[in-house]
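Shown next, in structure tokens, is the structure this report addresses.
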Amino acid sequence: MIGAHSADQVRAAERPALDAGMGAELMRRASYGLALTITRELRARRGRVYGARVTGLIGKGNNGGDGLWALAFLARRGVAVTAVLVDTTAHAEGLAALLAAGGRAVRLAPDGSVPGGSTDDGAARLPLCTLTEARDECVRADVLIDAILGTGARGGLRGAAAGLVELLLRERSEGRGLPHVVACDIPSGVDPTTGEVTGPVLPVESTVTFAAAKTGLFLPPGAASAGRVEVIPIGVEDRLGEPVVRRMGAEDVSRLLPRPAAEGHKYTRGVLGVVAGSEEYPGAALLACAGALSAGAGMVRYFGPPSVAALINAALPEVVCHTGPELQGRVQAWVLGSGVSGEEQLDRCRQALSLGQPAVVDAGALDLVGERAVDRPELILTPHAGELARLLTRLGTECDRAEVEATAGASLREAVRLTGTTILLKGPHTLCHEPGGILFSQADGTPWLATAGSGDVLAGVLGALLAQGGVAPSSVGEMGDAGHWAATAALAAAVHGRAGRIASGEADGGRGHPISARDIAHAVRFVWDAP
Ligand SMILES: NC(=O)C1=CN([C@@H]2O[C@H](COP(=O)(O)OP(=O)(O)OC[C@H]3O[C@@H](n4cnc5c(N)ncnc54)[C@H](OP(=O)(O)O)[C@@H]3O)[C@@H](O)[C@H]2O)[C@@H](O)CC1
Ligand SMILES: Nc1ncnc2c1ncn2[C@@H]1O[C@H](COP(=O)(O)OP(=O)(O)O)[C@@H](O)[C@H]1O
Ligand SMILES: [K+]
């Protein structure tokens with residue numbers, strides 16, 4: 001389990017060490033960790049470190065200081081290093097260390113073209129460079145370090161730094177390659193706590209972050225720019241407190257997946273009721289049932305119109321179908337709403353919701369939430385960003401899809417607060433949150449999962465996990481205040497993502513190939529014995 005902490009939590013953890021005069025030592029540990037990661041990268045890319053070229057984009061705060069010290073370490077290993085200062089000042093000791101180690105430093109002219117601007121430290125004596133000269137310096141490098149803004153960032157990149165990043169983004173979008181980019185602590189321009197992005201951000205291949213992963217590295221949209229996240233301990237970790245965002249890793253998934261007891265039978269394994277599909281969208285019902293069977297439900301009961309039941313019976317004879325208007329038979333959990341349209345199916349959803357059992361509330365059934373005040377964390381809503389925007393708007397917080405995508409963490413928290421339910425917000429990063437709990441962020445999948453019906457499979461998987469009891473309470477306890485429902489939702493997202501990677505061939509190290517929702521449903525079962 002990886003935990004992420006807010007910038008405030010990390011600052012508070014560092015405070016006693018800073019007060020004790022250990023600031024320089026913390027920076028030495030951080031920048032040495034960054035330099036080591038870069039030497040590993042250089043060795044992997046070029047076979048050796050000596051003679052490589054590394055450029056750092058350096059801001060005026062301590063983040064820039066880390067970058068300068070890392071460049072100084074690299075210079076001593078025989079790397080040709082260049083610091084491009086994007087501000088008029090820089091971390092004085094870091095700059096002195098870089099120059100003493102034989103590194104080169106230039107300063108971006110304040111307006112990107114004309115020399116000028118006053119400075120109050122060693123940066124004043126540095127040669128000035130234009131935006132295009134700085135860009136060329138970056139492009140020439142084997143590795144580029146982004147050390148412009150870290151946890152002290154307020155808002156996005158501005159001025160010449162923003163201009164330079166925009167130029168680099170243009171290089172990339174026009175197909176001219178950029179070097180491997182490593183972010184120091186956080187990609188500059190991403191809010192370290194919320195993951196929100198204002199202004200340009202250079203997406204990086206990896207982020208080397210200090211003391212703890214910052215929550216902004218796990219929350220979209222910023223998380224999409226962070227690449228692989230590596231945490232370097234700097235000796236303040238004991239004081240961090242509980243993480244506010246968590247991510248399950250492979251070991252957690254393997255440990256938390258429900259497995260049948262030796263003496264179990266189909267009813268003890270868990271029965272799932274599915275109210276999904278309609279004459280208009282019959283396939284959604286089939287995919288939800290297929291996902292559920294593949295995720296280990298002891299039995300699946302389907303409730304819906306005869307034409308859909310016939311389709312399910314033909315493709316999945318394991319499913320027990322009921323076509324009457326009233327629900328019947330005992331179940332432990334529900335999947336409600338995938339592909340549902342029309343009053344008859346909505347009425348079945350309402351009946352199921354009134355039973356007080358755990359339920360996945362998807363697609364069409366999302367419109368039923370808010371009809372009455374709820375305080376029901378056992379209802380797990382599974383909207384994508386567009387559906388969450390609609391739900392929020394209906395509950396009085398007007399917004400559109402783009403706004404939800406730009407403020408995913410905050411929008412999710414607001415929707416959980418307004419509905420009193422647990423919510424799984426779908427997307428490249430899947431966020432899960434329940435009232436009073438922490439937030440989970442899973443990124444186990446592949447863009448090949450973005451295919452019609454993929455969400456119906458996820459609903460079935462989550463329903464099956466709920467029917468099997470979800471994440472065991474003892475395991476939830478180990479996660480602090482994680483919350484049973486959000487943890488179960490995160491587990492489902494992790495299973496779905498891994499199934500996508502298995503189905504697309506990426507889990508075997510392949511480049512990946514197209515998949516359909518049925519392929520995902522089929523692959524779900526193999527997550528149980530994946531390494
Ligand atoms: N503290 C420690 O013990 C350790 C800290 N460590 C490292 O320090 C980093 C935090 O350093 P930090 O606090 O100096 O902030 P940092 O992110 O470098 O930038 C702040 C500077 O930028 C400016 N600025 C702000 N927003 C801006 C914007 N949008 N556009 C342009 N400028 C903007 C702002 O200036 P102002 O706007 O206030 O004039 C301020 O001067 C952290 O991420 C980690 O890498 C590690 O070494 C481990 C030990
Ligand atoms: N770029 C992506 N990378 C990884 N997973 C994705 C990506 N885009 C979508 N997904 C996942 O695919 C699924 C799509 O679900 P949904 O939006 O409901 O589609 P549908 O309604 O067509 O089934 C979700 O689980 C989502 O998290
Ligand atoms: K940075």
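Indexing begins at 1, ligand by ligand and atom by atom, following the structure's order. Everything numeric in this text was worked out from a predicted model, so none of it was measured.
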Considering both backbone and side-chain atoms of Asp87, is one of its nitrogen or oxygen atoms within less than 3.5 Å of a nitrogen or oxygen in ligand 1?
no
Atom 43 (O) of ligand 1: which protein heavy atom is closest, and how many Å away?
Asp185 OD2, 2.6 Å
Identify the protein heavy atom lying closest to atom 2 (C) of ligand 1, giving its residue, its atom name and the separation to 0.1 Å.
Glu14 OE1, 3.3 Å
Checking a contact table here: which protein heavy atom is nearest atom 29 (N) of ligand 1, and how many Å away?
Gly156 O, 2.6 Å
Glu237 CD: over 12 foreign heavy atoms closer than 6.0 Å
yes
Region of Arg154 that comes within reach of ligand 1 [heavy atoms, distance under 4.0 Å]
both
Atom 8 (N) of ligand 2: closest protein heavy atom, distance to 0.1 Å, is Ala450 CB, 3.4 Å
How far is atom 27 (O) of ligand 2 from its nearest protein heavy atom, and which residue and atom name does that atom have?
Gly427 O, 2.9 Å
Would you kindly say whether Thr209 and Lys214 are connected by a side-chain donor-acceptor distance under 3.5 Å?
yes
Provide, to 0.1 Å, the distance between atom 25 (O) of ligand 2 and the closest protein heavy atom, together with that atom's residue and name.
His496 CE1, 3.2 Å
Do any nitrogen or oxygen atoms of Leu449 lie less than 3.5 angstrom from nitrogen or oxygen atoms of ligand 2?
yes
How wide is the angle at the K ion (ligand 3) between O of Asp146 and O of Cys184, to the nearest 10°?
90°
Under 3.5 Å: N/O of Gly150 near N/O of ligand 1
yes
Residue portion contacting ligand 2 (non-hydrogen atoms closer than 4.0 Å) for Thr446:
backbone
